[in-house]
Amino acid sequence: MISMLRISTAVAATVLFVPLASAQTPATPTESPAVAAPAAQAFSGDQRHEIEGIVKDYLVSHPEVLQAAMDALDKHQKEAEADKARATIKDNNATIFNSTHQVVLGNPQGNVTMVEFFDYNCGFCKHALPDMMTLLKTDPNLKFVLKEFPVLGPGSVEAARVAVAARMQDPNGKKYIEFHQKLLGGRGPADKARALAVAKDVGYDMARIEKDMDSDEVKTTIDENMKLADALGVNGTPSYVVGNEVVVGAVGIDELKAKIDADRK
């Protein structure tokens, strides 16, 4: 509704106000445009009422104008968001792709890095899990980075804390990948109890897990991820970063492969 109102206002200004304003007494050679501009505001109440009626009739008769304007606005917003993301990725490149506070799967020396922001309670992340596993199995030159982004409530935060603690005693990710699959791919909501049960099942040192959950490293990791996501404009999961682009949503294996291939070129 707000977008429609803005578009209607823009159309009105372009189609009617500007031509009508130009029909007002023109500026003399000694007048600057800044002096002449207020003429557009010089309509009487009756004139404005008549103009509003004309605008309404025009938009009703030509609804394609609104659609074209909305399409142009959407395109402009997406381009602006992409430009902002590229700048943010450039400014935070080391933290996004090579932070010491993250899980690295696949080939640590891979020629392309894909970063995923995820939440253990995200249904779309569960749906996208097989995509990550397929990429890891079929692309030996892919470095895949996981960043906990717990935005779906206290249970997600608790699960993320356990996950970071698990990563702390498994820097190579050999156990972590099993932990990640079981916790994200399992049934029911993820929380502290379930995450701890999965960690125990995988074979982690549980006393150390409990201790590390309250460490500065866990807090630093989650805080860093939240700040990065905010800077990138990421507000949902899963979201990916590959090259200089942010990819939002469970877009599917084909789209992810296309982004990886594009970054390799």
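Positions are given from 1 along the sequence. When reading the values below, keep in mind they use all heavy atoms of this one structure, side chains included, and skip hydrogens, waters and symmetry mates.
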Could you give me the CA-CA distance, side-chain angles and deciding distance for L129 and H180, then say whether side-chain contact (heavy atoms from CB on, under 4.5 Å) is met? CA-CA 9 Å; L129 178 59; H180 183 72; 3.9 Å; yes

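- Side chain of Y120 to backbone of E158: no donor-acceptor contact under 3.5 angstrom is found.
- M133 and I260 fall within the same hydrophobic cluster, where Ile, Leu, Val, Met, Phe, Trp and Tyr residues are linked whenever their side-chain heavy atoms come under 4.5 Å apart, directly or through other members.
- With sequence neighbours left out, D214 forms a side-chain hydrogen bond (donor to acceptor under 3.5 Å, both in side chains) with R161.
- What you find for F179 and A195 is that their closest heavy atoms are CE1-O, 3.5 Å.
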Distance-only donor-acceptor hits, side chain of residues 103-116, under 3.5 Å, sequence neighbours excluded:
unit_1, atom_1, unit_2, atom_2, d
N107, OD1, Q109, N, 2.9
N107, ND2, P140, O, 3.1
N111, OD1, R264, NE, 2.8
N111, OD1, R264, NH2, 3.2

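- Here CG of L196 is found 10.0 Å from NZ of K200. Values are rounded to the nearest 0.5 Å.
- Partners of F144 according to the ring-ring contact (aromatic ring centres under 6.0 Å, His included) rule, which considers only residues two or more places apart in sequence or in another chain, do not exist here.
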Run the numbers on D119 and T237 for side chain to side chain donor-acceptor pair (under 3.5 Å), then give the verdict. CA-CA 7 Å; D119 185 304; T237 53; 5.5 Å; no

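- Judged as a side-chain hydrogen bond (donor to acceptor under 3.5 Å, both in side chains), and not counting sequence neighbours, the contacts of E224 are S99.
- More than 12 non-hydrogen atoms from other residues, nucleotides or ligands lie less than 6.0 angstrom from CG of N141.
- P150 and M226 make their closest contact through CD-SD, 4.1 Å (heavy atoms, listed as atom of the first residue, atom of the second, distance).
- Here D191 pairs with nothing under the salt bridge (charged side-chain N to carboxylate O under 4.0 Å, His left out) rule; sequence neighbours left out.
- In plain terms, the two heavy atoms of A128 and A250 that are nearest each other are CB-CB, 4.1 Å.
- Minimum interatomic distance between A190 and A159 (heavy atoms only, all atoms of both residues): CB-CB, 4.1 Å.
- For F97, the CZ atom counts as densely surrounded, since its 6.0 Å shell holds more than 12 non-hydrogen atoms of other residues, nucleotides or ligands.
- In this structure, Y204 is not a member of the same hydrophobic cluster as V218, with clusters built from ILVMFWY side-chain heavy atoms closer than 4.5 Å.
- Applying the salt bridge (charged side-chain N to carboxylate O under 4.0 Å, His left out) test to residues at least two apart or on different chains, the pairs with a partner in residues 165-179 are R167-E217, E178-K182.
- Linking ILVMFWY side-chain heavy atoms closer than 4.5 Å, directly or via other members, places Y176 and L183 in a single hydrophobic cluster.
- Of the candidates L135, L142, D139, V242, L135 is the only one forming a side chain to side chain contact (heavy atoms under 4.5 Å, CB included) with L256.
- When the ring-ring contact (aromatic ring centres under 6.0 Å, His included) test is applied to H127, no partner is found at least two apart in sequence or on another chain.
- M213 is connected to V202 through a chain of hydrophobic side-chain contacts under 4.5 Å among Ile, Leu, Val, Met, Phe, Trp and Tyr, so both are in one cluster.
- Considering every non-hydrogen atom in both V162 and A199, the closest pair reads CG1-CB, 4.5 Å.
- No continuous path of ILVMFWY side-chain contacts below 4.5 Å connects F118 to L228, so the two sit in separate hydrophobic clusters.
- Every residue meeting the side chain to side chain contact (heavy atoms under 4.5 Å, CB included) condition with T220, not counting sequence neighbours, appears here in chain and number order: H101.
- Residues G249 and Y240 share a closest heavy-atom pair of O-CE1, 3.4 Å.
- The environment of CD in Q169 is crowded: more than 12 heavy-atom neighbours from other residues, nucleotides or ligands sit within 6.0 Å.
- A donor-acceptor contact shorter than 3.5 Å is absent between the side chain of H49 and the backbone of G45.
- The distance from atom CD of Q102 to atom CD1 of I96, rounded to the nearest 0.5 Å, is 10.0 Å.
- Separation of atoms CG (D212) and CZ (R208) is listed at 5.0 Å; rounding is to 0.5 Å.
- For D205, there are no side-chain hydrogen bond (donor to acceptor under 3.5 Å, both in side chains) partners at least two apart in sequence or on another chain.
- Here the OG1 atom belonging to T134 is positioned 5.0 Å from the CD1 atom belonging to I253, to the nearest 0.5 angstrom.
- D131 CG to C125 SG: the interatomic distance, rounded to the nearest 0.5 Å, is 11.5 Å.
- Put simply, the side chain of V151 does not reach to within 4.5 Å of the side chain of S156, judged on heavy atoms.
- Sequence neighbours left out, the pairs with a member in residues 240-258 that pass salt bridge (charged side-chain N to carboxylate O under 4.0 Å, His left out) are E245-K259, E255-K259.
- Every side chain to side chain contact (heavy atoms under 4.5 Å, CB included) that N225 has, sequence neighbours left out, goes to K147, E148, T221.
- Remark: of the listed residues V234, I222, N235, V234 is the sole one forming a side chain to side chain contact (heavy atoms under 4.5 Å, CB included) with F149.
- Judged purely by atom type and a 3.5 angstrom limit, Q47 uses its side chain to pair as donor or acceptor with the backbone of S44.
- Remark: the backbone N or O of G236 is paired with a side-chain donor or acceptor of S239 at under 3.5 angstrom.
- Scored by the side-chain hydrogen bond (donor to acceptor under 3.5 Å, both in side chains) test, K143 finds N98 as partners (sequence neighbours excluded).
- With K126 contributing its side chain and G186 its backbone, the two residues share a donor-acceptor pair below 3.5 Å.
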